[in-house]
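Remarks on the structure that follows.
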Amino acid sequence: MPLASLLCLVVAISDGDTLTVRCGAPGAYQQVKVRIAAIDAPESRQAFGQKSRQHLARLCFQQRATLQPVDEDSYGRTVAHVRCGSTDVATAQVRAGLAWVYTPYAESRPQLVALQRQARSSGTGLWSQKRPLAPWTYRHRHTR
């Protein structure tokens with residue numbers, strides 16, 4: 001896939017950091033599963049997992065999305081920076097306390113770390129928990 005920006009329509013929301021988009025010309029649509037770069041949202045069975053998914057749905061479902069692909073992950077999903085309308089999705093999810101900054105993809109997005117610090121200090125979203133569990137730790141403990 002070329003690393004140009006793609007204009008797509010969001011057709012499904014899997015969780016707080018993954019969505020499905022339809023890109024391309026009518027009749028030649030491609031469905032692409034997209035993992036939002038630079039964030040990691042709580043898993044669906046985790047605390048705030050559903051809230052995170054609902055927030056992403058409010059931002060993006062049935063909206064036009066602009067993708068800037070950066071990579072492909074081990075599950076074959078396109079990892080991309082995503083804007084729904086004029087909203088940068090990673091920024092919105094972190095600001096709402098509904099996703100962690102995922103450092104491996106965040107070096108180009110230093111402002112996310114500051115937003116996470118803010119959400120954490122004000123106890124927003126998942127940061128209202130005493131000991132929020134990072135999704136990568138959760139997945140490690142609950143490997144299928």
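Positions are given from 1 along the sequence. Atom set for the values below is all heavy atoms of this structure, side chains included, hydrogens, waters and symmetry mates excluded.
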Determine, stepwise, if the pair L6 / T78 fulfils side-chain contact (heavy atoms from CB on, under 4.5 Å).
CA-CA 12 Å; L6 301 170; T78 298; over 6 Å; no

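- Every side-chain contact (heavy atoms from CB on, under 4.5 Å) that V11 has, sequence neighbours left out, goes to L9, T20, R22, Q31.
- Between the OG atom in S121 and the CD atom in Q116 there is a gap of 11.0 Å [rounded to 0.5 Å].
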Distance-only donor-acceptor hits, side chain of residues 79-95, under 3.5 Å, sequence neighbours excluded:
unit_1 : atom_1 : unit_2 : atom_2 : d
H81    : ND1    : R109   : NH1    : 3.0
R83    : NH2    : S86    : O      : 2.6
D88    : OD1    : R109   : NH2    : 3.0
D88    : OD2    : T91    : N      : 2.9
D88    : OD2    : T91    : OG1    : 2.5
D88    : OD2    : R109   : NH2    : 2.6
Q93    : OE1    : H55    : ND1    : 2.4
Q93    : NE2    : G16    : O      : 2.9
Q93    : NE2    : S52    : O      : 3.2
Q93    : NE2    : S52    : OG     : 3.3

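- The two residues W127 and G97 have their closest heavy-atom pair at CD1-CA, 3.9 Å.
- Counting only distance, with no hydrogens or angles, the side chain of R64 and the backbone of L7 share no donor-acceptor pair below 3.5 Å.
- Side-chain contact between P42 and Y138 is absent, with no heavy atoms from C-beta onward closer than 4.5 Å.
- We find the CD-CZ distance between Q50 and R45 to be 10.0 Å, quoted to the nearest 0.5 Å.
- Ionic pairing of R35 and D40 is present here: one or more N-O contacts between side-chain nitrogen and carboxylate oxygen are shorter than 4.0 angstrom.
- Within the model, atoms CG of L59 and CG of L98 stand 9.5 Å from one another, a figure rounded to the nearest 0.5 Å.
- You'll find the side chain of Q46 reaches within 4.5 Å of the side chain of P135, heavy atoms only.
- In the hydrophobic clustering, where aliphatic and aromatic side chains (Ile, Leu, Val, Met, Phe, Trp, Tyr) are joined below 4.5 Å either directly or transitively, Y29 stands alone.
- Around the CZ atom of R77, the shell of radius 6.0 Å holds more than 12 heavy atoms that belong to other residues, nucleotides or ligands.
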side-chain contact (heavy atoms from CB on, under 4.5 Å) between L67 and V21: does it pass, once the steps are laid out?
CA-CA 10 Å; L67 312 182; V21 295; 3.8 Å; yes

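- Residues Q68 and S5 approach most closely at CG-OG, 3.4 Å, considering heavy atoms.
- Relative orientation of the W136 and W100 rings is perpendicular, given thresholds of 30° and 60° on the angle between their planes.
- Remark: the backbone N or O of A41 is paired with a side-chain donor or acceptor of D17 at under 3.5 angstrom.
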What's the verdict on side-chain contact (heavy atoms from CB on, under 4.5 Å) for Q129 and L126, showing C-alpha distance, side-chain angles and the deciding distance?
CA-CA 6 Å; Q129 303 170 90; L126 62 87; 3.5 Å; yes

